[in-house]
Amino acid sequence: MRKKVIAGNWKMHNLVSESLALVRALKPLVADVKEVEIVVCPVYTSLYAVASELGGSNIKLGAQDCFWEEKGAFTGEVSAWMLKDVGAEFVIIGHSERRQYFCETDEWVNKKVKSAIRAGLTPIVCVGEKLEEREANRTFEVVRAQLDNGLGDLSPEEAGRIIIAYEPVWAIGTGRTATPQQAQEVHAFIRGWFREKFGDSLADALRIQYGGSVKPDNARDLLSQEDIDGALVGGASLKADAFAEIVKSAL
Ligand code: PGA
């Protein structure tokens with residue numbers, strides 16, 4: 001059985017005080033949840049404070065991006081090792097907003113994933129098609145290229161360390177979620193790709209999250225699909241009660 005993983009992607013929201021208030025509100029709401037892995041991903045500036053606040057709880061810390069070098073003259077960047085140093089265990093890589101606004105490529109995703117693993121983090125690698133690609137029936141082709149170029153050359157050891165998030169770009173922040181069937185179909189495709197590359201046992205263990213307008217009222221249907229092993233939640237993760245409800249619908 002794959003343990004479901006629900007991660008909150010806070011994006012560029014919350015000052016330190018707001019981040020702390022959010023996790024303080026969240027902790028008691030999910031304190032008795034043992035069967036689901038719970039992750040919050042604040043902005044860089046809140047990571048250290050949130051890590052202290054989470055200490056001893058069942059909520060884990062993630063970041064929203066990293067650079068692939070360990071250190072050096074890369075003004076403005078933060079390495080996976082630095083994230084690990086402040087208490088992060090996860091890092092989102094290749095989010096569609098980074099691909100769209102910051103020109104992030106699959107080649108960058110590949111380097112970042114490898115560096116995150118070397119630093120001891122669990123990468124949450126995002127893939128997903130744009131609306132025009134879905135409408136042109138190119139979903140599988142686009143996702144396959146993202147997987148081939150982003151993850152195709154991982155070693156089996158590396159492949160065993162990652163989480164994949166399927167996030168159709170047209171469903172992110174739009175309130176327009178994929179139907180459970182639409183999502184399941186792509187999740188099964190992703191697991192099939194992984195099986196071909198890395199074999200049965202790694203494919204059976206791989207966790208694939210769905211992301212894109214996950215809310216308390218649609219989470220259960222999505223999470224009950226065979227190949228959906230969790231959710232990457234944006235907007236609804238900014239409200240403690242909504243995020244807690246989503247966590248509980250994974251039980
Ligand atoms: P959303 O964002 O839940 O607000 O659609 C999901 C994401 O971008 O990870």
Side-chain angles (χ1 to χ4, degrees), residues 1-7 34-39 41 60 62-63 65-66 68 80 83-84 88-96 99 104-129 133-134 137-168 178 180-212 214 222-232 250:
M1 262 299 272
R2 299 182 287 267
K3 189 172 189 173
K4 289 206 167 28
V5 53
I6 307 293
K34 296 196 175 53
E35 303 81 2
V36 179
E37 197 158 26
I38 308 168
V39 183
C41 304
K60 296 175 176 168
D65 186 28
C66 67
W68 59 77
L83 300 175
K84 177 85 177 167
E89 297 178 64
F90 296 79
V91 59
I92 299 168
I93 293 177
H95 190 279
S96 64
R99 294 176 188 262
E104 192 141 325
T105 64
D106 292 328
E107 289 65 36
W108 286 32
V109 168
N110 181 264
K111 290 183 179 189
K112 290 180 176 194
V113 166
K114 290 177 184 169
S115 80
I117 293 169
R118 279 206 311 283
L121 300 177
T122 299
I124 297 176
V125 189
C126 302
V127 298
E129 81 287 2
E133 293 164 340
R134 173 159 285 263
N137 279 324
R138 294 183 53 225
T139 298
F140 294 136
E141 174 198 331
V142 168
V143 171
R144 182 196 295 280
Q146 290 170 335
L147 294 169
D148 279 340
N149 299 324
L151 304 175
D153 69 345
L154 296 192
S155 68
E157 292 70 33
E158 288 170 326
R161 297 275 310 279
I162 69 170
I163 292 172
I164 295 178
Y166 168 58
E167 298 205 305
Q181 294 69 31
Q182 282 174 322
Q184 165 59 27
E185 186 183 36
V186 183
H187 281 235
F189 172 82
I190 293 170
R191 197 178 306 285
W193 179 90
F194 212 81
R195 194 175 298 285
E196 253 173 51
K197 279 267 176 244
F198 302 112
D200 285 338
S201 69
L202 286 175
D204 291 337
L206 173 70
R207 292 186 294 175
I208 309 174
Q209 295 176 308
Y210 169 78
V214 176
L222 288 160
L223 291 165
S224 62
Q225 298 296 311
E226 188 181 339
D227 289 292
I228 301 188
D229 310 305
L232 184 54

(request) Give the minimum heavy-atom separation between A80 and A116, together with the two atoms involved. (result) CB-CA, 3.7 Å
(request) Step by step, work out the salt bridge (charged side-chain N to carboxylate O under 4.0 Å, His left out) result for K114 and D153. (result) CA-CA 10 Å; K114 290 177 184 169; D153 69 345; 2.7 Å; yes
(request) Drop me the distance from I162's CD1 to L154's CG, to the nearest 0.5 angstrom. (result) 5.5 Å
(request) Find out whether W193 and D148 are in side-chain contact, i.e. whether some heavy atom of one side chain is under 4.5 Å from a heavy atom of the other. (result) yes
(request) Measure the shortest side-chain to side-chain distance between L232 and Y210 over non-hydrogen atoms and say whether it is less than 4.5 angstrom. (result) no
(message) Testing the basics here: between A250 and V36, what is the closest heavy-atom pair and its distance to 0.1 Å?
(response) CB-CG2, 3.9 Å
(message) Please give me the minimum heavy-atom distance between L222 and A183, naming the atom from each residue.
(response) CD2-CB, 4.2 Å
(message) Quick test of your reading of the model: are E141 and R138 salt-bridged, counting only N-O distances below 4.0 Å?
(response) yes
(request) Check whether any side-chain heavy atom of I6 sits under 4.5 Å from a side-chain heavy atom of V39, and report yes or no. (result) no
(message) Taking Y166's backbone N and O only, do any of them form a donor-acceptor pair with Q209's side chain (distance below 3.5 Å, no angle check)?
(response) no
(request) Please lay out, stage by stage, how R195 and D204 fare under the test salt bridge (charged side-chain N to carboxylate O under 4.0 Å, His left out). (result) CA-CA 8 Å; R195 194 175 298 285; D204 291 337; 2.8 Å; yes
(request) Decide yes or no on side chain to side chain contact (heavy atoms under 4.5 Å, CB included) for V186 and F140, but give the supporting numbers first. (result) CA-CA 7 Å; V186 183; F140 294 136; 4.2 Å; yes
(request) Kindly determine whether N110 and W68 satisfy side chain to side chain contact (heavy atoms under 4.5 Å, CB included), including the steps that lead there. (result) CA-CA 9 Å; N110 181 264; W68 59 77; over 6 Å; no
(message) Using a strict threshold of under 4.0 Å (side-chain N to carboxylate O), is an ion pair present between R207 and D227?
(response) no
(message) Any heavy-atom pair between the side chains of I163 and F90 that's under 4.5 Å?
(response) yes
(message) Once rounded to the nearest 0.5 Å, what's the spacing between atom OG of S155 and atom CZ of R161?
(response) 9.5 Å
(message) If I compare all heavy atoms of V109 with all of G94, which pair ends up nearest, and what's the gap?
(response) CG2-CA, 3.7 Å
(request) Please step through side chain to side chain contact (heavy atoms under 4.5 Å, CB included) for the pair Q225 and H187, ending with a clear verdict. (result) CA-CA 9 Å; Q225 298 296 311; H187 281 235; over 6 Å; no
(request) May I ask you to say whether E129 pairs ionically with R134, meaning some side-chain N is under 4.0 Å from a carboxylate O? (result) yes
(message) Can you tell me how far apart CZ (R2) and CG (D229) are? Round to the nearest 0.5 Å.
(response) 4.0 Å
(message) To check you understand the geometry: which heavy-atom pair defines the closest contact between G211 and P168, and what is its length?
(response) O-CD, 3.4 Å
(request) Nearest 0.5 Å please: distance from the CG atom of L121 over to the SG atom of C66. (result) 7.0 Å
(request) Provide the closest heavy-atom pair for V142 versus G128 in the form atom of the first, atom of the second, distance. (result) CG1-O, 4.3 Å
(message) Please determine whether a side-chain nitrogen of the Lys or Arg among D106 and R99 lies less than 4.0 Å from a carboxylate oxygen of the Asp or Glu.
(response) yes
(message) Closer than 3.5 angstrom, by distance alone: can the side chain of R191 be matched with the main-chain N or O of L206 as a donor-acceptor pair?
(response) yes
(message) Contact between I190 and V143 at the side-chain level, heavy atoms closer than 4.5 Å - yes or no?
(response) yes
(message) Could you measure the distance from the CD1 atom of I164 to the CD atom of Q146? Nearest 0.5 Å is fine.
(response) 10.5 Å
(request) With rounding to the nearest 0.5 Å, note down the distance linking CD1 in I124 to CD1 in I92. (result) 5.5 Å
(request) Starting from the C-alpha separation in whole Å, work towards a yes-or-no answer on salt bridge (charged side-chain N to carboxylate O under 4.0 Å, His left out) for K112 and E104. (result) CA-CA 11 Å; K112 290 180 176 194; E104 192 141 325; 3.1 Å; yes
(message) Does K4 form a salt bridge (charged side-chain N to carboxylate O under 4.0 Å, His left out) with E35? I'd like the steps, not just the answer.
(response) CA-CA 8 Å; K4 289 206 167 28; E35 303 81 2; over 6 Å; no
(message) Is any side-chain heavy atom of L202 closer than 4.5 Å to one of P156?
(response) yes
